[in-house]
Amino acid sequence: MNKGKYYITTAIAYTSGTPHIGNSYEIVLADSIARFKRKDGYDVYFQTGTDEHGQKIELKAQEIGVTPKAYVDKVAGEIRRICDSLDTSYDKFIRTTDDFHEKQVQKIFKKFYDQGDIYKGAYEGLYCTPCESFWTESQLVDGKCPDCGREVKPAKEEAYFFKMSKYADRLIEHINTHPEFIQPVSRKNEMMNNFLLPGLQDLCVSRTSFTWGIPVDFDSKHVVYVWLDALTNYISGIGYDADGESTEQYKKLWPADLHLIGKDIIRFHTIYWPIFLMALGEPLPKQIFGHPWLLQNDGKMSKSKGNTIYADDLIDFFGVDAVRYFVLHEMPFENDGMITWELMVERMNSDLANVLGNLVNRTISMSNKYFGGKVVNTKVGVDAGTEDVDADLFHVLADTYSRVNKKMDELRVADAITEIFALFKRSNKYIDETMPWALAKDETKKDRLAAVLYNLSNAIMVGASLLEPFMPETAKRIAAQMNAPFPDFSVLEECAAKGDTAMASALYPSGNQVTETPKILFARQDLAEVMEKVDKMFAERRAAAGVTEDDAKTSNQGTDGAAGADEKPVDLEAKAEITYDDFDKCQFQVGLVLSCEEVPKSKKLLKFEIQIGSAKRQILSGIKQYYKPEELVGKRVMVLTNLQPREIAGMMSEGMILSAADEDGNLAVMTPERFMPTGAEIC
RNA sequence: GGCGAGAUAGCUCAGCUGGCUAGAGCAUACGGUUCAUACCCGUAGUGUCGAGGGUUCAAGUCCCCCUCUCGCUACCA
């Protein structure tokens, strides 16, 4: 039965580095939905890929001395390998460096320009050279750059802007009339209240500060903004053409049924992307789901500690399906999920080994032991209607499909899996209720025993069929051991729709022979042993990276350690070159922190009293979340002292305390390497 | 600072528009069973439902206020 097309996408992965398990989670989630829909009778098209442009990548490539293309080829290959190792069934892996994609992005940019949605930067007088930023009139503070407080000047570098405001009303209307458009719904309010209702700013959609991007074909100094480039993959990948020559495939698949993305990029997908589509005159995707994150331990995954968990590691330890099970089952719908080795072992043992693996194993063992592996449906105890336990099991059998299906429609994948395991647990209970070993001792009950084992085999196959989208390999192994094909979803759906328990209870071929030698599906893991192996693995990894144990434990402390494989370099978008004279205008001095206190009601601000030479001054700095006030008192810090004073949160701030920040949001205040008196010039 | 979400058993959470002795899973304890991967099944729990006030015959569920946590955003010179 064909229920129509279903086009699902993941976000395309940025090729700036190797993704960890938290990054890889998304493709598994998308895959489980794609496989489920496919098996449920939809004509599914599942697209994923890589986002390969931008200055960050240009710089990375430069650093290791290869061309950007060579660099992204390597990383994209690695990302694709990881997707494959997770047994994901994508139909297309698009790369934003693909020719057809680049060509469409250029055409789309031109089209926007021709129809007046994109205009060339007309912001002369509103460009801040040091910040290399354009500002709209409304963004200025006291007529000056909101970033640095300096005068803004005529544009030195032109840029293209997209008129977001033109489509804002239509987007607001669409979001309000399509409550399912943004999932979870809490995100809808955030987008509305923070961006749409206050008024959308025009978006700068070209860059001139680097070259690793898709060139604007009618103005070669510019490359297309990475988000306009990246978002376009969803239509370019299925054959969209801006000149009206879109393929049949595109006409069939678009609009997408689901864009599955991380919660951090919801804004781009629910505001900019729909507006780009409106400007193209194309329909909007039906649904955008910003999934939560899978976190390691208590914090966001960070490579700085050298203990990052990668999909490869987990697959090595537990096998691909256990990893899929874990990330899918452990991830709540709206809150972030957590992964640790301990939790992984616990799920592996209690759910996979004990409940599922053992059920299959004990059932097959009994069939072999009592009937030489032959499973016959004698229906004894069933037709008589005296066996309530059978009726209850059959009811669950008939019902589970619709329960799982409902959860999947709501994108509650974790809950869907829980429903399937409820069936396995019910089956284990059924064994206890029927006590096959007792029946086996009574020759007159042999037919009842056969029926019990048939019912179990049947239940296992129904469960395995439902499980296949989530754990494809395991489902196949079960089918192989049970030596029979799965019941189709269409059959399960029919049973559920009709409430036909009789039908649901006879889906396994009667008289079938199961395997003689059942194999363990999931071996129980010993936590202590696993942890020992894990520690060893990370120790080796750190050693290879030149990071010591101490560094690993105190990664926020300063370290002069050599760059290692696990160190995450920070590549910034380069600012315009400055002259020595520009530099000389800045006065940096050593300052002594006399006092430091939290600014009440501010999440980020600390108020400092700083001794600079013989003078004192008050400086506010937004580093509250990184330091406790008392930690900083008495420290000597680097201060930009001739910065124009500025009022922040009602208090004057006279200068700037300098810190270093990495991409994971860690921050360190700059201090002199040896003693220096307060006021000493830094030059 | 603005907007929003949340605070329920040791842990992770479910409890819709207020209604009977507040639930599930995991972990714990005890009992049963032996087909099976020392597994499975059952039973038992404890909870001031964040603090305080209010509305109501009745509130975890509504209102007010307080504390804390979280998300987005602004700020972070």
Side-chain angles (χ1 to χ4, degrees), chain A residues 130-131 141 144-150 184-195 197-198 263-264 266-267 290 292-293 329-330 332-338 342-343 346-370 414-415 418 421-422 424-441 449 452-453 456 518-525 599-606 619-626 639-650 652-659 661 667:
Chain A
C131 299
V141 177
K144 291 176 182 170
C145 172
D147 262 6
C148 68
R150 276 178 272 214
V185 283
S186 57
R187 300 292 168 184
K188 172 192 152 187
N189 300 326
E190 291 177 0
M191 294 304 120
M192 283 296 225
N193 295 336
N194 290 315
F195 301 104
L197 298 179
K263 63 181 184 178
D264 51 329
I266 288 175
R267 174 170 155 191
W293 285 331
H329 178 261
E330 218 57 18
F333 180 68
E334 203 154 354
N335 306 104
D336 292 338
M338 191 157 67
E342 290 86 349
L343 283 170
E346 192 178 310
R347 292 271 70 75
M348 176 89 179
N349 287 348
S350 66
D351 295 354
L352 300 181
N354 293 353
V355 172
L356 174 57
N358 189 44
L359 170 67
V360 174
N361 192 254
R362 68 200 296 210
T363 300
I364 292 177
S365 296
M366 284 191 281
S367 290
N368 278 309
K369 190 164 180 171
Y370 303 134
D415 293 343
T418 299
F421 272 73
F424 293 133
K425 288 184 179 194
R426 183 65 192 81
S427 302
N428 270 322
K429 190 174 167 180
Y430 181 79
I431 296 180
D432 257 58
E433 288 165 339
T434 54
M435 294 191 288
W437 54 91
L439 296 172
K441 286 174 185 157
L449 175 60
V452 164
L453 289 175
L456 280 168
K519 292 197 187 67
I520 301 288
L521 289 173
F522 300 97
R524 287 179 59 83
Q525 305 275 321
V599 175
K601 291 188 182 175
S602 165
K603 276 182 233 166
K604 298 192 177 176
L605 290 175
L606 290 178
I619 295 177
L620 294 169
S621 182
I623 57 174
K624 190 182 199 169
Q625 52 193 299
Y626 308 102
V639 183
L640 176 58
T641 52
N642 64 333
L643 187 61
Q644 186 179 57
R646 169 91 183 269
E647 186 175 313
I648 304 165
M652 288 309 288
S653 179
E654 306 162 307
M656 179 169 178
I657 296 171
L658 301 178
S659 309
L667 185 138

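Note on naming: letters A, B, ... go to the chains in the order of the sequence lines (proteins, then strands), and numbering restarts at 1 for each one.
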Nearest-angstrom distance from the residue atom CE of M338(A) to P of C26(B): 18 Å
Note, Y430(A) side chain near V452(A) side chain (heavy atom, < 4.5 Å): yes
From C72(B), U37(B), C35(B), nucleotide with atom closest to R524(A) side chain: U37(B)
Inter-nucleotide C1' distance (U33(B), C41(B)), Å rounded: 8 Å
P atoms of C72(B) and C49(B), separation to the nearest Å: 31 Å
Candidate nucleotides C35(B), A27(B), U37(B), ranked by approach to the side chain of A353(A) - the nearest: U37(B)
Complementary nucleotide of G1(B), counting Watson-Crick and G-U pairs under 3.5 Å: U73(B)
Side chain to side chain donor-acceptor pair (under 3.5 Å) assessment of N354(A) paired with R524(A): CA-CA 8 Å; N354(A) 293 353; R524(A) 287 179 59 83; 2.6 Å; yes
Residue whose nearest RNA chain B nucleotide is more 5′ - R347(A) or Y370(A): R347(A)
Distance (rounded to the nearest 0.5 Å) between L343(A) CG and M338(A) CE: 5.5 Å
Base of C41(B) paired with side chain of N428(A) (donor-acceptor, under 3.5 Å): no
Value in whole Å for how far the P atom of C41(B) lies from CE of M435(A): 15 Å
Which residue lies more 5' along RNA chain B, comparing E190(A) with K519(A) via nearest heavy atoms: K519(A)
Base-pairing assignment for G31(B) (Watson-Crick or G-U wobble, both under 3.5 Å): C41(B)
Euclidean distance for P, G53(B) against G60(B) (whole angstrom): 14 Å
Spatial distance of atom OG1 (T434(A)) from atom NZ (K429(A)) [nearest 0.5 Å]: 12.5 Å
Touch class at under 4.0 angstrom, heavy-atom based, for F522(A) against every strand present: base
Side-chain N,O (K425(A)) to OP1/OP2 (C26(B)) below 4.0 Å: yes
Donor-acceptor side-chain pairing of R362(A) and N428(A) below 3.5 angstrom: yes
Whole-Å gap separating P (G42(B)) and OH (Y430(A)): 16 Å
Whole-angstrom distance between U34(B) and G50(B), as gauged at atom P: 46 Å
Sugar-phosphate, base or nothing in reach of S365(A), heavy atoms under 4.0 Å: sugar-phosphate
Sugar-phosphate, base or nothing in reach of E346(A), heavy atoms under 4.0 Å: sugar-phosphate
L439(A) CG - U33(B) C1' separation (whole Å): 14 Å
Any N193(A) side-chain nitrogen or oxygen under 4.0 Å from OP1 or OP2 of C72(B): no
Heavy-atom donor-acceptor pair, D432(A) side-chain to G32(B) base, under 3.5 Å: yes
Watson-Crick or G-U wobble partner of A7(B), both distances under 3.5 Å: U67(B)
Over all atoms of both residues, closest heavy-atom pair of Y370(A) and W437(A): OH-CA, 3.5 Å
Nearest-angstrom distance from the residue atom NZ of K263(A) to P of C70(B): 12 Å
Partner nucleotide, any strand, of A24(B) [Watson-Crick/G-U, under 3.5 Å]: U12(B)
Complementary nucleotide for A59(B) - Watson-Crick or wobble, under 3.5 Å: none
N349(A) side, atom CG; L352(A) side, atom CG - distance, nearest 0.5 Å: 9.0 Å
A59(B) and U17(B), which share atom name C1', separated by this distance in whole Å: 14 Å
Pairwise P distance for A14(B) and A7(B), with rounding to whole Å: 8 Å
Complementary nucleotide for U46(B) - Watson-Crick or wobble, under 3.5 Å: none
Touch class at under 4.0 angstrom, heavy-atom based, for I619(A) against every strand present: nothing
Interatomic distance where CG belongs to D351(A) and P belongs to C40(B) [whole Å]: 10 Å
Candidate nucleotides C35(B), G71(B), A36(B), ranked by approach to the side chain of R187(A) - the nearest: G71(B)
U34(B) phosphate, OP1 or OP2, under 4.0 Å from R362(A) side-chain N/O: no
Charged N-O contact under 4.0 Å between R426(A) and E433(A): yes
F195(A) CZ - C3(B) P separation (whole Å): 16 Å
Touch class at under 4.0 angstrom, heavy-atom based, for V355(A) against every strand present: sugar-phosphate
C1'-based separation of C64(B) from A27(B) [nearest Å]: 39 Å
Spacing of the C1' atoms in G45(B) and C26(B) (rounded, Å): 15 Å
side-chain N/O K429(A) vs C40(B) OP1/OP2, d < 4.0 Å: no
Rounded distance in Å - CZ (R267(A)) to C1' (U73(B)): 9 Å
